[in-house]
2 protein chains.
Amino acid sequence: MKEGPDIAQIGALIGDPARANMLAALTGGRALTATELAGVGGITVQTASTHLAKLEAGGLLAQRKQGRHRYFTLADEAVARLIENMMGFAAGRGHLRHRPGPKEPALRKARICYDHLAGDYGVRMLDSLIASGAIEAVGEGLALTEKGESDLARIGIDVGNLRSSRRPLCRSCLDWSERRAHLAGSLGKALLSSFLDRGWARRTAESRSILFTPEGDRQFLRLFPVEV
Amino acid sequence: MKEGPDIAQIGALIGDPARANMLAALTGGRALTATELAGVGGITVQTASTHLAKLEAGGLLAQRKQGRHRYFTLADEAVARLIENMMGFAAGRGHLRHRPGPKEPALRKARICYDHLAGDYGVRMLDSLIASGAIEAVGEGLALTEKGESDLARIGIDVGNLRSSRRPLCRSCLDWSERRAHLAGSLGKALLSSFLDRGWARRTAESRSILFTPEGDRQFLRLFPVEV
DNA sequence: TTCATAGTTCGATCGTAACCGAAGCATCGC
DNA sequence: GCGATGCTTCGGTTACGATCGAACTATGAA
């Protein structure tokens with residue numbers, strides 16, 4: 001069979017544990033240097049360098065030189081979606097590197113998924129937005145309602161502005177820890193940014209987890225209540 | 001990094017060309033025997049057997065014994081979605097096994113994607129359903145309208161019946177040849193089934209392509225007109 | 001029973017790719 | 001200029017896994 005696109009190539013790229021770890025780390029959205037990526041991959045820099053070259057040649061990564069550093073990021077959002085997709089799939093099959101348990105509680109509570117909020121808090125936020133009628137779930141997709149637009153304006157998010165980008169406003173992204181959807185898309189990004197800007201939460205140094213301050217926690221839970 | 005699901009495992013499973021070919025062939029929805037799969041993979045049966053065992057252990061494949069044959073299928077729809085996802089992604093990056101051109105015209109015109117119609121005709125059908133107001137595209141998702149439900153009843157598709165299944169009614173699936181969405185989900189399956197039942201089209205023996213009869217072609221194009 | 005077909009298991013070969021040490025560039029700070 | 005840091009390239013080793021021939025098991029047909 002010589003029909004269709006070549007899945008094996010990208011499968012093989014993702015199929016190496018070191019490379020998979022690097023890609024997963026980059027799903028954190030932050031650009032990382034070759035040395036840092038070597039760390040997360042558990043390999044030496046030389047080896048990491050060849051891996052990174054392969055990933056770049058395969059179109060999964062982009063790099064930006066800055067001084068004597070080389071910052072690597074995922075090539076675009078499609079790559080991030082693919083990785084998260086595969087994570088969701090793998091989690092569903094029980095392909096976990098460690099037994100499930102409450103292993104990385106912080107990561108399960110709130111983490112960054114490329115550029116938006118994931119984990120328990122991410123799922124909660126979307127649930128709450130749907131319950132309040134701000135977002136409508138239609139089939140697999142999500143749509144912002146009129147009410148949602150004005151609700152968001154009240155907390156300082158200008159939806160009209162976001163619409164101008166080519167990127168979809170609302171997108172649903174399957175959460176691998178919660179096995180339910182959370183909010184991605186430019187709106188998901190804007191919401192997370194606003195939390196960070198307000199000082200409600202901050203990103204941690206080397207991990208994908210997001211730490212809420214006590215005050216931020218209160219505000220977040222107030223803003224996105226759950227049904228009882 | 002020891003966090004999160006193990007993406008590398010399934011990446012590696014898909015990353016071997018022989019296995020990728022087998023999986024792609026099984027995306028055709030039809031159960032295939034080990035010998036047939038050896039053929040599409042371009043390997044001997046012994047080798048195929050070990051590959052199939054690995055894929056099954058990895059949860060990607062299911063097998064059913066029937067007499068002295070062993071029929072392999074994708075484990076479930078999630079696997080099919082993952083494969084099609086990756087195909088769409090790979091096509092977008094130009095990871096084609098052959099140069100794009102009009103290589104497999106029949107396959108690009110109409111083919112089966114697990115259990116629904118894909119290719120030019122698949123995309124056209126969804127476009128037409130949206131244009132006529134039978135289906136609404138909301139964000140990334142698709143929703144059947146009241147009008148759609150009665151339109152479909154008129155051509156003999158009982159939507160109420162489909163709803164009873166746990167599977168989503170409408171799902172959008174990215175078409176790797178057209179780079180646009182076509183209709184998946186139980187409705188997509190029902191529509192394709194009805195075309196086949198009516199004798200408008202038939203599946204081909206060893207390929208994923210779907211051949212429309214001249215009469216079926218006429219009927220299909222009449223039923224799903226395109227905007228001019 | 002015997003033969004034929006479908007598939008798996010075993011054993012051995014072979015290629016490829018991951019890996020690291022060492023050397024080579026490039027950029028920064030001094 | 002110098003040395004230090006970040007990264008890549010080169011060379012050689014090693015290990016894993018894809019592959020196939022041959023032997024083995026299972027189902028069916030005669």
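Being a predicted model, the structure only gives us computed values, none of them experimental. In what follows, chains carry the letters A, B, and so on, assigned in the order in which the sequence lines appear, proteins first and then strands, with residues in each chain numbered from 1.
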Using a 4.0 Å cut-off on protein heavy atoms (strictly under), produce a 5'-to-3' string for nucleotides 25-30 of chain D with B for base contact, S for backbone-only sugar-phosphate contact, and - for none. --BS--

Using a cut-off of 4.0 Å between protein heavy atoms and nucleotide atoms, how would you tag nucleotides 9-20 of chain C 5' to 3' with B, S and -? B--------SSB

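As a whole-Å value, the separation of L52(B) CG from dA18(D) C1' is 14 Å. Protein atom CD of E56(A) is 9 Å distant from nucleotide atom P of dT8(D), rounded to whole Å. The interatomic distance linking F72(A) (CZ) with dG6(D) (C1') rounds to 11 Å, in whole Å. Note: OH (Y71(A)) to C1' (dG6(D)) measures 11 Å, nearest angstrom. Taking atom CD on Q63(A) and atom C1' on dT8(D), their separation rounds to 11 Å, with Å as the unit.
Side-chain N/O atoms of T44(A) and Q46(A) include a donor and acceptor closer than 3.5 Å.
Salt bridge status for D127(B) with R180(B): present, with a side-chain N to carboxylate O gap under 4.0 Å. R208(B) has a carboxylate O that lies under 4.0 Å from a charged side-chain N of E84(B), or vice versa, which qualifies the two as a salt bridge. Using a 4.0 Å cut-off between a side-chain N of Lys or Arg and a carboxylate O of Asp or Glu, D158(B) and R163(B) do not qualify as a salt bridge.
The list of ring-ring contact (aromatic ring centres under 6.0 Å, His included) pairs with a residue in residues 177-198 of chain B, not counting sequence neighbours, reads H116(B)-H182(B), F195(B)-W200(B), F195(B)-F220(B).
Looking at D175(B), its side chain does come within 3.5 Å of a backbone N or O of G119(B) through a donor-acceptor pair. Judged by distance alone, with hydrogens and angles left aside, the side-chain atoms of S49(A) form no donor-acceptor pair with the main-chain N or O of V45(A) at under 3.5 Å.
When each of L187(B), L126(B), L162(B) is paired with C170(B), the side-chain contact (heavy atoms from CB on, under 4.5 Å) condition holds for L187(B) and for no other.
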